[in-house]
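For this chain, numbers begin at 1 and follow the sequence in order.
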Amino acid sequence: ALEAPQGIDQAGPKGPPKNVEIEFALFSGGEALPMGSGRHHYATFDGGNYELKVQESIAESNPENTPWWRLAISGRITSDGLSPTLYEKRGKVSERLLGLNDNPKNHSPDQDEMQAGRMPDGILDRQSLLYQFMLRPPKENAGKVLLTDGNIYKAFTYKTEGTELLNIAAMGNVQTVKILLKSKGVKELIELWLMPEKRFLPARMRYTDESGQITDLIVLSLSFD
């Protein structure tokens with residue numbers, strides 16, 4: 001089990017949540033080296049648009065600190081689910097979360113500099129993917145999604161790998177459905193562990209890039225309504 005300091009798991013009303021807050025731990029590499037923790041905040045105010053903010057957790061003892069890395073995504077909610085439109089990012093970790101590390105021309109020489117861009121219409125980024133299935137639950141056997149890094153897009157096929165009981169210290173035993181996403185001709189691999197009883201929100205995401213670098217996101221706390 002991956003250790004986590006605390007956990008909150010609150011059920012919300014039936015239907016897609018309008019507000020989701022997730023605290024998560026980040027790990028890197030096959031040895032699961034800790035990279036710190038962060039927070040997700042997903043919100044929709046009108047049911048037609050959404051905002052997603054991801055940033056480094058700030059210590060309560062020093063709340064005026066500016067997060068070293070952060071990521072903001074906004075887009076539309078369509079009949080097919082989420083359609084991100086704009087992104088802003090700052091810091092190296094946010095690049096790994098979004099996938100921009102696959103395209104060196106998108107890199108800034110100053111990692112502290114805020115960068116922004118547009119997403120191709122109707123194509124998901126990796127962070128919006130975490131919330132796609134609360135709107136459109138995964139198909140029983142297989143399905144397809146298009147994922148972008150803000151520059152190019154790739155078609156991924158996903159399939160369910162059955163149920164799995166995750167033993168996460170912060171949340172205890174969590175029943176999940178594991179989903180595996182692959183793209184033809186590339187080595188990238190995305191593994192998602194979703195919680196059917198919690199509107200198919202994520203318990204974990206593990207991403208392996210073309211070079212074999214692993215980024216692992218483990219949920220520490222979750223609340224939604």
Side-chain angles (χ1 to χ4, degrees), residues 1-2 4-27 37-57 70-84 94 97-99 124-140 143 145 147 156 158-181 190-207 215-225:
L2 293 173
Q6 59 182 356
I8 302 170
D9 194 359
Q10 300 174 359
K14 294 295 183 181
K18 294 182 179 180
N19 190 67
V20 182
E21 294 191 16
I22 295 176
E23 183 178 6
F24 61 91
L26 277 170
F27 299 88
S37 61
R39 292 184 179 275
H40 268 237
H41 183 201
Y42 166 95
T44 176
F45 303 102
D46 57 9
N49 298 277
Y50 78 98
E51 294 181 352
L52 176 58
K53 296 181 180 179
V54 189
Q55 68 178 40
E56 177 188 20
S57 292
R70 60 182 185 263
L71 176 63
I73 298 163
S74 60
R76 299 178 297 112
I77 301 174
T78 72
S79 58
D80 292 323
L82 300 178
S83 177
S94 67
L97 291 172
L98 189 60
L124 289 165
D125 63 277
R126 286 214 309 265
Q127 295 306 299
S128 295
L129 175 67
L130 296 177
Y131 300 90
Q132 171 74 359
F133 294 107
M134 72 181 186
L135 295 165
R136 295 183 62 84
K139 297 179 180 179
E140 185 175 350
V145 296
L147 293 179
F156 279 76
Y158 73 79
K159 64 178 181 178
T160 56
E161 297 277 286
T163 60
E164 188 171 330
L165 194 65
L166 286 188
N167 184 359
I168 300 174
M171 302 175 69
N173 291 330
V174 179
Q175 188 65 252
T176 67
V177 173
K178 185 180 179 183
I179 296 178
L180 188 66
L181 297 98
I190 300 174
E191 299 165 274
L192 288 177
W193 287 261
L194 305 175
M195 298 178 284
E197 294 183 357
K198 307 299 180 189
R199 313 296 185 270
F200 287 96
L201 286 166
R204 180 179 186 183
M205 179 183 79
R206 183 165 60 200
Y207 172 68
T215 304
D216 211 347
L217 183 155
I218 307 291
V219 169
L220 305 180
S221 66
L222 167 69
S223 64
F224 61 94
D225 55 57

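- Paired with P202 under the rule side-chain contact (heavy atoms from CB on, under 4.5 Å), one option of L129, I22, L217 passes, and it is I22.
- Under 4.0 Å is where a charged nitrogen must lie from a carboxylate oxygen, and between K178 and E191 at least one such pair does.
- The closest donor-acceptor contact from the side chain of E23 to the backbone of L222 lies at 3.5 Å or more, if one exists at all.
- A distance-only check finds no donor-acceptor pair linking the side chain of E56 to the backbone of R70 [under 3.5 Å].
- Counting heavy atoms from C-beta on, the side chains of F156 and I190 come closer than 4.5 Å.
- Closest approach of W193 to M205, counting heavy atoms only: CE3-N, 4.5 Å.
- Side chains of Q132 and F200 form no contact here, defined as non-hydrogen atoms less than 4.5 Å apart.
- Using modelled atom types, one side-chain atom of T78 and one backbone atom of D80 make a donor-acceptor pair closer than 3.5 Å.
- Annotation: side chain of L147 is not in contact with side chain of D125 (no heavy-atom distance under 4.5 Å).
- Annotation: cation-pi geometry not satisfied between R199 and F224 (NZ/CZ under 6.0 angstrom from ring centroid, within 45° of ring axis).
- Side-chain contact check for M195 versus M134: every heavy-atom pair is 4.5 Å or farther apart.
- One N or O on the side chain of T176 and one on the backbone of E164 form a donor-acceptor pair closer than 3.5 Å.
- Using a 4.0 Å cut-off between charged nitrogen and carboxylate oxygen, R204 and D216 count as a salt-bridge pair.
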Decide yes or no on side chain to side chain donor-acceptor pair (under 3.5 Å) for Y50 and S128, but give the supporting numbers first. CA-CA 10 Å; Y50 78 98; S128 295; 2.7 Å; yes
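- E161 CD to L192 CG: the interatomic distance, rounded to the nearest 0.5 Å, is 11.5 Å.
- The side-chain heavy atoms of P84 and L124, taken from C-beta on, include a pair separated by under 4.5 Å.
- The structure places CD of Q55 at 12.0 Å from CG of L97, a figure rounded to the nearest 0.5 Å.
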Set out, in order, the CA-CA distance, both residues' side-chain angles and the distance that settles side chain to side chain contact (heavy atoms under 4.5 Å, CB included) for K18 and Y42, then state yes or no. CA-CA 8 Å; K18 294 182 179 180; Y42 166 95; over 6 Å; no
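- Between I218 and F24, the closest side-chain pair of non-hydrogen atoms is not below 4.5 Å.
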Given the rule in the side chain to side chain contact (heavy atoms under 4.5 Å, CB included) test, do Y131 and V20 qualify, once you have shown the distances and angles that lead to the verdict? CA-CA 9 Å; Y131 300 90; V20 182; 3.8 Å; yes
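- Interatomic distance, CG of L71 versus CG of L52, reported as 7.0 Å (0.5 Å rounding).
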Show, in sequence, the C-alpha distance, side-chain angles and deciding distance for L165 and V174, and conclude whether the side chain to side chain contact (heavy atoms under 4.5 Å, CB included) test is met. CA-CA 5 Å; L165 194 65; V174 179; 5.8 Å; no
Given side chain to side chain contact (heavy atoms under 4.5 Å, CB included), test R206 with T215 step by step and report yes or no. CA-CA 6 Å; R206 183 165 60 200; T215 304; over 6 Å; no
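- The six-membered or imidazole ring of Y158 lies near that of F133, with a centre-to-centre distance under 6.0 Å.
- Residues E51 and H41 have side chains that never bring a donor and an acceptor to within less than 3.5 angstrom of each other.
- Side-chain atoms of T44 come within 3.5 Å of backbone atoms of N49 as a donor-acceptor pair (strictly under, hydrogens ignored).
- Counting heavy atoms from C-beta on, the side chains of K159 and I179 never come closer than 4.5 Å.
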